[in-house]
Amino acid sequence: MAVPSFLARERIVARPGFNRWLIPPAALAVHLCIGQAYATSVYKVALVEHFDASLTAIGIIFSIAIVMLGLSAAVFGTWVDKNGPRAAMFTSAVFWVSGFLVGSLGIYTEQLWLLYLGYGVLGGIGLGIGYISPVSTLIKWFPDRPGLATGMAIMGFGGGALIASPLSRQLMNWYDPNYDPAVAGTVPSGNAVAGLFLTLGLLYLVFMMFGAFIVRVPAANWRPDGFDPSTVKAKSLVTTENVSANNAIKTPQFWLLWTVLFCNVTAGIGILEQAAPMIQDFFRTGETSTVLAATAAGFVGLLSLFNMAGRFVWSSTSDYIGRKPIYMVYLGVGIILYVILATLGSTATWIFVVTAAIIISFYGGGFATVPAYLRDLFGTYQVGAIHGRLLTAWAAAGIAGPLIVNGVLDSRGTPGQLVAGDYRPALFIMVGLLAVGFVANLLIKPVSEKYFEPKPTDVPTAAAAPERSTVR
Amino acid sequence: MSHPASTAGDQPTTHTPTGLIAFAWALVGVPLAYGLYNTIKAASALFG
């Protein structure tokens, strides 16, 4: 599928002297916008009342979006790698913004199916393409620090919710003065949510297009000053060869890493999904909890911070200690923390908060480090496409995590009456999952030579013909 | 923060204006700071 010339990869090959530090903000401009997907809870109740629907019927919107994220990242990954980050970011912006506009129309006209189609399907496609759009480019611009580079971008996905949550409350307050976010129990009108969708859509259009138009790809022979690729190759598991996306999924390494990501994400979602009620239930005596609702909301905020910070800090750390060891930390230390949470979590608030926060930082770290792990194993050739296919693990975990936690809690009692002991079976299931992930990570070995792409010939590629570049 | 790329062949070189880099970082940094501020404010209820 050809793209218009102004979006083509050949048009954005950077000339010598281009400053690579313009690329992370381009990536962040996209990820900060699509990270809004984690802030849907701020208008969930408003939509339930507006459509007179169940929580499940509204919750499905988010589920459709996450499933579409996984599918579109897998399906369009090769297209993204072939056409470059500008085409991908532009396309992502069109889908993501269309999702908001169609969703807004659906809310105004009280057509729930339009919200499913808009935010769920169109927005979900925008999410998937947008999520993988800068990853391969960042890895190529920062071959010396791929973990730092992808950590910065994927941190943006966590940061997007931090921005969208307070901004959405503020905007809904403007559109519906009767709604006061500071007063518990007030709910914005449906039209306020429709106005919010319209406003966010237009804001995101500006930001994402800015990212699309400043992004550049490095020339094929470009490397940072003072960077010696042989120092990277010296690390175990790191290859200088390349594996195509089609071949990558035939390797045991891909599926072992898929298992690692699935286990890490499922375990993290177990806490994220239930964060606010969980902290109250852990410190419940009879009908009342010693943790107030406002404090529980603060706990959710703290988890968001650790989710975001973990993406940057742990992924950057992986550049120094290696990808396999950092996943041993995420999964191995994660097992210990989950056991502490299950056995000692209800003895003191600080123990609960600290262990949960570190677990969530590992959850974020797992997302941010995986592109660099893929680069180490499969090279840079189609790392975006391989990453896209790996993200199906996220979609699967998005279904499995809540199923496990909600299934266990449903069997133990009713919401509002649960206590710490009711969570233990779910937490120990997560311990088992992390153990499976830990073993899968241990089994990862260098990829067999039979999957390597042939060495490049002397024929110049599009990316290696920067004389055609029109970049500044 | 500036880290110019090494030269590649005999292509004409370019210079990325520092102002553009600062503007790009501000465009993503200011909203992020707004989000961080509000989240820390909410999280402070945990320690209040």
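Chain identifiers are assigned alphabetically (A, B, ...) following the order of the sequence lines, protein sequences preceding nucleic acid strands; residue numbering begins at 1 within each chain. For the numbers below, each heavy atom of this structure counts, side chains included, while hydrogens, waters and symmetry mates do not.
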For the pair Phe352(A) and Phe283(A), name the ring-plane relationship: parallel under 30°, tilted 30 to 60°, perpendicular over 60°.
-> perpendicular
What part of Val300(A) is in contact with chain B, defined as an atom under 4.5 angstrom from a non-hydrogen atom: side chain, backbone, both or neither?
-> neither
Quick one: do Arg169(A) and Asp180(A) make a salt bridge, cutoff under 4.0 Å?
-> no
Minimal heavy-atom distance between Cys33(A) and Trp96(A), with the atoms involved, is O-NE1, 3.5 Å
According to the interplanar angle, ranging from 0 to 90°, do the rings of Phe210(A) and Phe23(B) count as parallel (below 30°), tilted (30 to 60°) or perpendicular (above 60°)?
-> perpendicular
Heavy atoms of Phe282(A) and Leu341(A) approach each other most closely as CE2-O, 3.4 Å
Among Leu302(A), Leu167(A), Leu303(A), Ile163(A), residue most engaged with chain B (heavy-atom pairs, under 4.5 Å) | Ile163(A)
Option that, when pairs with chain A are counted at under 4.5 Å, heavy atom only, ranks first among Leu32(B), Thr18(B), Ile40(B) = Leu32(B)
For chain B, the option from Val291(A), Ile279(A), Leu305(A) that forms the most heavy-atom pairs under 4.5 Å | Leu305(A)
With chain B, the option among Pro166(A), Ala29(A), Gly301(A) that has the most non-hydrogen atom pairs under 4.5 Å is Pro166(A)
Part of Leu32(A) within contact of chain B (heavy atom distance under 4.5 Å) = side chain
